[in-house]
Chemist: 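My structure is below; once you've seen it, I'll send some questions.
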Amino acid sequence: MSVQAQAWTGRSIERVEDAALLTGRGRYIDDLGVATGTLHAAILRSPHAHAKIKAVRTEAAAALPGVTAVITGADVVGLTTSLPVGVRAPIKCWPIAVDSARYVGEPVAVVVARDRYRAEDALDLIEVDYQLLPAVVDPHDALDAGAQRLYESLSSNVASDRRFRYGDPQAAFAEAAHRIGIDVHYPRNSCTPLETYGIIASYDPGEDAYDILSGFQGPFSIHSVIARALKVPGNRLRLRTPPDSGGSFGIKQGVFPYLVLMGVAARVAGRPVKWIEDRLEHLTGSVSATNRVTRLEAAVDRDGRVRALAWDQIEDVGAHIRAPEPATLYRMHGNLTGAYDIRHMSVRNRVVVTNKTPTGLNRGFGGPQVYYALERLMQRIALELKLDPIDVIRRNLVPANAFPYRTASGALLDSGNYQQALEAALRDGDLAGLQARRDAARREGRLYGIGFAAVVEPSVSNMGYITTALTPEERAKAGPKNGAQATATISLDPLGTVSAHIASVPQGQGHRTVLAQVIADELGLKPSDIVVVAEMDTARDGWSIASGNYSSRFAAAVCGAAQLAAARLKSKLARIAAAQLNVGAEEIEFADGKVRARRNPDNAAPFGRLAATSHWAPATQPSDVDQAIRETAFWTPPELTAPTEADEINSSLCHGFIFDMCGLEIDRVTGAVRIDKYVTMHDCGRVLHPGMVAGQITGGFAHALGAALYEEYAYAPDGSFLAGTFADYLVPTSMEVPAPLILHIETPSPFTPLGAKGVGEGNCMSTPVCLANAVADALGIADIGLPLTPAKLAAATQNAEPPPPARTAAAMPAGKRRALHGAGEARVAAPPKAVWNALLDTRILASIIPGCHDVEQVSATHFRADVTLGVGPVKGRYRAEVKLEDLVSPRSATLIGSAVGALGSAVGKGSVRLAGDAAGTTIISYDYDAEIGGKAAAVGGRLLDGAARIVIRQFFEALARRVAGISKPAWRLWLERLLAQLGRRP
Amino acid sequence: MPRLSASDRCSVRFLLNGRSVAAEAEPRMLLTDFLRHSLGLTGTHVGCEHGVCGACTVQIDGKPARACLTLAVQVDGANVRTVEDLAPEPGRLSVLQEAFRRHHALQCGFCTAGILMSLDAYLKTNPEPSEPALREYLSGHLCRCTGYVPIIAAALDAAKRLREATAHA
Ligand code: FES
Ligand code: FES
């Protein structure tokens with residue numbers, strides 16, 4: 001396809017999106033008006049990682065004024081079918097816990113009410129009986145034959161186990177001089193867009209049709225998944241997206257189970273239902289990247305040439321295999337050899353389920369996990385063979401004259417010149433300078449390291465790669481899946497102006513601007529002449545299963561489709577113009593808002609007048625033009641074929657190249673990493689908008705930096721989630737992200753209309769391992785795992801920390817379970833006996849326990865209370881049981897308590913001692929140790945500790961007020977009653 | 001202290017973007033919900049509702065404040081300014097907003113309102129900020145799209161232009 005004179009494409013013009021976003025006129029989902037009568041949903045979530053649900057009692061919640069409906073697993077099972085699962089395994093996947101809860105944060109019930117505040121009030125009134133089961137948290141443990149199974153229908157926790165062989169890896173390993181391997185535990189993290197999930201769903205019983213507006217970002221293959229789950233034909237499920245999105249990075253693919261859930265909620269409630277996820281819900285229960293355990297080995301010649309790779313990957317997809325998983329594991333399948341020319345490879349891929357949040361799309365999707373292993377391995381090879389790491393990379397890169405290059409596992413690397421990119425990066429990024437800084441730092445005894453990473457960045461996913469998870473026989477049965485249909489529609493209105501409709505669902509990437517550039521160039525207009533409508537509506541727009549915003553497909557595929565549609569319209573307009581201007585159609589050109597004869601530019605018509613012809617005077621059109629009003633182009637590249645019998649798969653259409661290099665220093669005392677310089681060289685084919693490409697690279701770099709140094713979706717051994725706020729899940733701020741030096745070379749893709757490739761995800765693949773290689777270089781250690789937190793690195797730079805004091809150590813439970821300890825003192829202006837009596841009086845307790853609704857006395861020394869407590873953003877109702885032991889009236893007692901609520905559980909022990917002084921004052925001293933699980937554990941130690949201190953202080957302050965205010969006779973009465981209850985005489 | 005219940009209504013009178021507003025709110029209603037859903041000013045965003053991300057930042061009596069950690073009733077009698085008040089007139093952008101557009105300092109734009117409100121207040125008292133000072137100041141805001149580099153560049157550029165404008169005035 002010929003590319004026109006490029007007036008606009010390739011320039012960093014200002015974005016059309018920005019004026020609205022900068023003035024507070026964005027239209028994000030929570031900003032949109034809703035239909036009158038729309039209700040609001042809140043979700044009750046499991047505080048336990050693994051439990052059978054014995055009963056859910058919703059009567060009290062349903063009776064709360066303002067509540068319209070309470071939906072549980074049973075309702076969802078009644079109205080839907082299980083979401084399809086991406087492997088052949090006899091398991092079901094529901095959008096809400098049915099019989100069992102399998103991760104902390106799994107929905108258990110949905111309340112639909114007049115407003116969100118009421119809905120959350122009602123959540124507190126739902127009672128769930130859980131029977132706890134052992135939680136499986138670590139993917140290795142999940143493999144154990146004796147491990148607790150997540151699904152009774154599955155014989156183990158392994159949902160898929162496939163082996164692949166390309167070339168002759170066995171022979172290569174047998175012949176090679178060296179066998180060098182590496183083990184990697186890649187942690188969980190997420191790109192956490194700043195806007196959470198949001199949905200507005202409605203159901204029309206007359207037509208049995210759902211209309212659901214949400215921030216869902218595609219791929220729209222999931223439309224079929226949702227329609228099937230909701231048991232309606234495809235044309236009765238209308239999915240729409242709002243005009244603006246507060247970011248996604250893949251994450252908003254994971255909203256789809258909630259589309260089903262809110263569809264059901266709207267159906268049951270008989271009214272439209274709106275749900276906006278909160279941050280705690282998002283971090284705990286939305287979606288996560290996979291964590292993966294990898295053993296990677298290489299057969300290596302003496303000079304560092306890699307002959308073969310052997311991959312063994314255990315992919316942890318969490319509690320469900322949610323569509324499109326196990327895609328994270330297979331997205332990179334074609335390019336498992338990275339940027340290297342390696343002809344022999346074996347792969348074993350296992351997918352395990354564990355009691356953690358289900359996984360899904362996340363920027364980099366599968367790349368970080370693969371390249372962390374591969375590029376750490378390349379560094380190990382250099383170290384073990386005492387070679388320069390750059391030489392090892394050089395020796396193995398795919399030769400520049402080999403493109404398009406077919407990899408061992410079937411990817412077709414479209415274009416590139418890796419050598420040129422590498423040498424340019426070393427030169428322009430000044431490796432020699434970095435090395436000099438490292439030498440100087442080391443002479444001063446500082447810890448300075450240099451890291452490298454070479455990465456192939458795939459983009460425009462083949463919709464068929466996921467089926468590589470199936471055996472060839474299973475695939476044959478299911479029928480071939482392949483391609484990546486992209487689409488765009490361009491319309492001319494009766495005033496001759498141009499609009500475009502796209503199904504690319506932008507999430508902040510400025511699609512509307514870039515498309516206006518592309519279309520303007522094609523039609524000889526200015527970008528400001530074009531209006532691009534990017535909100536999507538499956539009932540009206542052209543779309544297909546590949547539509548959406550993922551796998552960096554926009555520049556390569558969607559822009560190409562738009563150009564194709566514009567070119568078609570243009571060729572029709574040229575024929576109409578030829579008739580009007582009396583020249584041949586091939587003589588017509590489009591420029592400066594005019595359509596004119598190339599050799600006689602004065603023979604011209606304004607674009608707008610010509611473009612209106614089909615509306616106003618279709619009879620004047622040449623007979624070979626049907627209409628020049630609207631063109632919809634679909635484009636899918638022929639290179640994206642289905643997996644072969646031999647499991648070769650061209651998993652992506654385009655393959656960009658990245659070479660990263662960095663120098664960093666580690667503080668010997670704190671273990672903190674300071675990045676001295678970061679260089680990232682990109683070849684993403686033709687650059688359509690340099691400013692936005694820089695934005696994608698810098699943004700991806702910041703995500704990667706967070707994943708490398710700070711972020712982790714951490715779980716306790718019991719499956720409690722430990723990162724439920726942005727104070728626990730630490731994402732980088734402006735203090736942590738340095739400006740990377742961005743370099744480019746351009747080798748246009750021969751397979752895309754504009755020569756562009758994707759660029760949005762590469763640094764998420766290259767940067768974590770580049771930083772890790774630099775840290776390994778600085779510390780001289782082989783085994784390092786992400787995130788590279790100061791605590792971890794300090795452990796490597798210093799002697800082991802001294803053990804904690806004995807008492808705390810004994811009270812501290814194993815592993816990362818949240819523990820609370822505290823001690824304190826309070827003074828009450830009443831004698832010890834009065835205080836003692838008050839502490840044993842249910843009515844007094846009810847009035848002084850913060851947030852207490854009710855205290856019930858089960859026996860003389862056993863109390864039960866309902867309390868509402870807030871810890872940071874986590875406010876919830878708990879049912880507390882307190883037993884008193886070792887009563888020594890009026891001197892001391894031991895309290896053994898537990899609290900269970902929707903937000904989590906706590907068990908603990910405390911002791912209270914009362915001592916009187918001559919002035920009639922009592923000094924109460926107390927201490928406590930408690931273990932916290934569930935949602936409350938997710939909000940983090942600093943909040944919990946603080947909250948516990950406040951609650952206890954409030955309790956004693958209230959006690960002091962209360963007791964001091966009691967007149968003697970009244971408490972003599974209580975005393976007598978109390979002692980009577982205790983079975984003693986005064 | 002009076003004991004309030006969730007179903008009470010409190011009257012809240014305050015200055016919002018230069019206009020006086022009188023409205024009612026439940027005692028527990030957050031200022032974010034009040035601004036966005038009761039008063040219809042949706043430019044102020046909610047990213048975390050626990051005071052870390054900064055997306056909800058507004059100016060209360062000239063100082064940046066987290067609207068998600070503020071109850072609606074607390075602004076009774078106060079002067080509140082939101083992102084909707086930054087542009088000098090419809091169709092035009094302020095110097096700071098212009099700089100953000102020029103430097104591509106926003107992508108999804110969800111964090112932007114909060115950052116603009118903080119910077120607007122900061123540049124008034126710190127017309128000549130250094131890059132490290134700006135980085136530290138903005139560390140109370142999370143942006144997941146841009147990597148902050150263009151935001152810092154835009155802030156420095158805006159500061160410079162504002163200084164020039166004052167010098168010429
Ligand atoms: S929403 Fe207020 S700080 Fe995040
Ligand atoms: S622009 Fe998206 S979070 Fe900052």
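The chains referred to below are lettered A, B, ... by the order of the sequence lines, with proteins before strands, and numbering in each begins at 1.
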Chemist: Side chain, backbone, both or neither: which part of B:L116 has an atom under 4.5 Å from a heavy atom of chain A?
Modeler: side chain

Chemist: Check whether the side chains of B:H141 and B:S118 place a donor and an acceptor atom closer than 3.5 Å, and report yes or no.
Modeler: yes

Chemist: Side chain, backbone, both or neither: which part of B:D33 has a heavy atom under 4.5 Å from chain A?
Modeler: side chain

Chemist: Using heavy-atom distances under 4.5 Å, tell me whether B:A113 contacts chain A through its side chain, its backbone, both, or neither.
Modeler: neither

Chemist: Which answer fits B:V83, side chain, backbone, both or neither, if we ask what part of it has an atom under 4.5 Å from a heavy atom of chain A?
Modeler: both

Chemist: Any ion pair linking B:E49 and B:R36 (charged N to carboxylate O, less than 4.0 Å)?
Modeler: no

Chemist: Out of B:E98, B:R92, B:R102, B:H45, return the one with the most heavy atom pairs under 4.5 angstrom to chain A.
Modeler: B:H45

Chemist: Please flag which part of B:L93 lies under 4.5 Å from any non-hydrogen atom of chain A: side chain, backbone, both or neither.
Modeler: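 For B:L93, side-chain heavy atoms alone lie under 4.5 Å from chain A.
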
Chemist: Going by distance alone, is a donor N or O of one side chain under 3.5 Å from an acceptor N or O of the other, for A:D30 and B:H37?
Modeler: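 B:H37 and A:D30 do have a side-chain donor-acceptor pair below 3.5 Å.
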
Chemist: Heavy-atom distances under 4.5 Å only: say whether B:H103 touches chain A with side chain, backbone, both or neither.
Modeler: neither

Chemist: Hey, is A:K252 close enough to A:E277 for a salt bridge, meaning N to O under 4.0 Å?
Modeler: no

Chemist: Select one option (side chain, backbone, both, neither) describing which atoms of B:T112 are under 4.5 Å from chain A's heavy atoms.
Modeler: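 Answer is side chain: those atoms of B:T112 sit under 4.5 Å from chain A.
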
Chemist: Please find the pair of heavy atoms, one from B:A159 and one from B:L123, that lie closest to each other, and give the distance.
Modeler: CB-CD2, 4.0 Å

Chemist: For chain A, which of B:S94, B:G43, B:G47 has the most heavy-atom pairs under 4.5 Å?
Modeler: B:G47

Chemist: Quick one: what part of B:F110 sits under 4.5 Å from any heavy atom of chain A, side chain, backbone, both or neither?
Modeler: both

Chemist: Does the distance from a Lys or Arg side-chain N to an Asp or Glu carboxylate O, for B:K160 and B:D157, drop under 4.0 Å?
Modeler: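 B:D157 and B:K160: not salt-bridged.
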
Chemist: Quiz question: by atom type and distance under 3.5 Å, do the side chains of A:H703 and A:N189 form a donor-acceptor pair?
Modeler: no

Chemist: So, are A:R25 and A:D31 salt-bridged, with charged N and O less than 4.0 Å apart?
Modeler: no

Chemist: Heavy-atom cut-off 4.5 Å, strictly under: side chain, backbone, both or neither for B:I115 against chain A?
Modeler: neither

Chemist: Contact part of A:P738 toward chain B, heavy-atom cut-off under 4.5 Å: side chain, backbone, both or neither?
Modeler: backbone

